[in-house]
Amino acid sequence: MGDIASDTGARKRLLLACGNSALRTLLGEQFAASADFAATTVSGAAAAEAAVAAAGGDFAAAIIDDAILDETGEGPAPETLCGRLRGSGLDGPILAIGDRADRFADADATLRPPIRIGVLLTSLRAALARRGQARPEPDLGPYRFDPTGLRLVHAGDGREIRLTAKEAAILRHLRRQDGETVSRDSLLDAVWGYASGVATHTVETHIYRLRRKIEADPARPALLLTVPGGYALGGQAPDQEKGQ
């Protein structure tokens with residue numbers, strides 16, 4: 001999983017996932033001296049995902065670079081890592097460092113090297129502020145979606161439905177599309193990453209299990225819809241053809 005160094009204390013906890021050893025050392029030293037942030041540093045993608053999963057949602061944000069790979073050098077491409085971290089439970093902003101912004105379409109901001117620590121901190125604080133000012137997740141049918149807590153809470157009786165990290169990531173990704181259809185391949189990429197070797201039928205299996213949790217009648221879904229070309233959330237795309 002790779003070496004992990006952390007300094008948590010009472011400061012905001014960050015995940016620093018950098019494959020570039022010089023950058024990892026530089027930023028690690030800067031955050032070690034910071035009064036506001038404490039960094040957990042990893043060098044590989046697999047270690048980054050494991051750290052997020054183990055943190056239980058405690059990371060306020062993540063910083064990643066485009067040199068990140070797993071320990072074999074054959075890990076997920078940088079452009080899939082944002083979705084994989086969110087699928088593991090990260091709900092805070094992700095700042096990416098690299099020359100190609102298109103490789104980090106799901107990141108909150110992309111910074112081009114060379115990196116100045118002042119610019120990085122300004123971008124980090126701005127991303128955290130935007131997240132803090134964002135409106136709560138809209139209701140999903142009768143439920144309030146709590147992606148950080150991995151749950152749906154019934155607005156009427158307070159009943160909770162517990163979600164796995166992947167199930168929460170599926171709902172989060174669909175919610176971000178504002179009612180637009182999400183293809184199976186797009187959902188697979190965002191939640192699992194193409195390089196993970198997961199087959200497309202895995203998406204259908206998770207959708208099936210999720211419907212059994214949240215739908216009054218899973219055979220006639222009203223919330224998690226199959227539409228031409230993929231999936232959408234009920235209530236956001238009323239003109240879309242519904243299906244199973």
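Scope of the values below: all heavy atoms of this structure, side chains included, with no hydrogens, waters or symmetry mates.
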(request) For Ser183, enumerate each residue passing the side-chain contact (heavy atoms from CB on, under 4.5 Å) test, keeping only those at least two apart in sequence or located in another chain. (result) Asp185, Ser186

(message) Checking the side chain of Lys213 only, and the main-chain atoms of Arg162 only, is there a donor and an acceptor separated by less than 3.5 Å?
(response) yes

(request) State, to 0.1 Å, how close Leu27 and Cys18 come at their nearest heavy-atom pair, and which atoms those are. (result) CD1-SG, 4.4 Å

(request) Please report the shortest heavy-atom distance between Ala45 and Leu81, naming the atom on each side. (result) CB-CD1, 4.0 Å

(message) I'd like to check Phe31 versus Leu26 (side-chain heavy atoms, cut-off strictly below 4.5 Å). Are they in contact?
(response) no

(message) Would you say that Leu23 contacts Pro113 through its side chain, given a criterion of any heavy-atom pair below 4.5 Å between the two side chains?
(response) no

(request) Kindly determine whether Thr226 and Tyr231 satisfy side-chain contact (heavy atoms from CB on, under 4.5 Å), including the steps that lead there. (result) CA-CA 5 Å; Thr226 298; Tyr231 301 99; 3.4 Å; yes

(request) Go through the steps for Leu163 and Leu210 under the test side-chain contact (heavy atoms from CB on, under 4.5 Å), then give the verdict. (result) CA-CA 8 Å; Leu163 304 171; Leu210 190 50; 3.8 Å; yes

(message) With a 4.5 Å cut-off on side-chain heavy atoms, are Arg172 and Phe145 touching?
(response) yes

(request) Measure from the side-chain N and O atoms of Arg211 to the backbone N and O of Leu224, and report whether any donor-acceptor pair falls under 3.5 Å. (result) yes

(message) How close do Leu128 and Ala61 get, counting heavy atoms only, and between which atoms?
(response) CD2-CB, 4.2 Å

(message) What I'd like to find out is whether the side chain of Ile170 reaches to under 4.5 Å of the side chain of Leu187, using heavy atoms alone.
(response) yes

(message) Taking salt bridge (charged side-chain N to carboxylate O under 4.0 Å, His left out) as the definition, give me every residue that meets it alongside Arg125, ordered by chain and number, with sequence neighbours left out.
(response) Asp36

(request) Assess whether atom CZ of Arg209 is packed by more than 12 heavy atoms of other residues, nucleotides or ligands within 6.0 Å. (result) no

(request) Of all the heavy-atom pairs spanning Gly230 and Thr181, show the shortest one and how long it is. (result) N-CG2, 3.7 Å

(message) Are Ile117 and Leu95 connected into the same hydrophobic cluster when the rule is that any two of I, L, V, M, F, W, Y join if their side-chain heavy atoms are below 4.5 Å apart?
(response) yes

(message) Whether the side chain of Asp189 engages the backbone of Trp192 through a donor-acceptor N/O pair (distance < 3.5 Å, no angle test) should be reported.
(response) no

(message) Main chain of Ala127, side chain of Asp108: is a donor-acceptor contact present, judged purely on distance under 3.5 Å?
(response) no

(request) Please answer whether the main-chain N or O of Arg151 pairs with a side-chain N or O of Glu160 as donor and acceptor at a distance below 3.5 Å. (result) no

(message) If we ignore hydrogens and angles and just use 3.5 Å, is the side chain of Arg86 paired with the main-chain N or O of Gly92 as donor and acceptor?
(response) yes

(request) Give the minimum heavy-atom separation between Ala60 and Pro93, together with the two atoms involved. (result) O-CD, 3.2 Å

(message) Taking side chain to side chain donor-acceptor pair (under 3.5 Å) as the definition, give me every residue that meets it alongside Asn20, ordered by chain and number, with sequence neighbours left out.
(response) none

(request) Taking Arg144 for its side chain and Val153 for its backbone only, find out whether a donor-acceptor pair lies under 3.5 Å. (result) no

(message) For the backbone of Ala222 and the side chain of Glu215, can you confirm whether one donor and one acceptor N or O come within less than 3.5 Å of each other?
(response) yes

(message) Quick check against the 3.5 Å criterion: does Glu167 have a side-chain atom that pairs as donor or acceptor with the backbone of Thr164?
(response) yes

(request) Assess the side chains of Thr202 and Arg184: does a donor N or O sit below 3.5 Å from an acceptor N or O? (result) no

(message) Let me confirm one number: the OG1-CD1 distance from Thr41 to Ile63, rounded to the nearest 0.5 Å.
(response) 11.5 Å

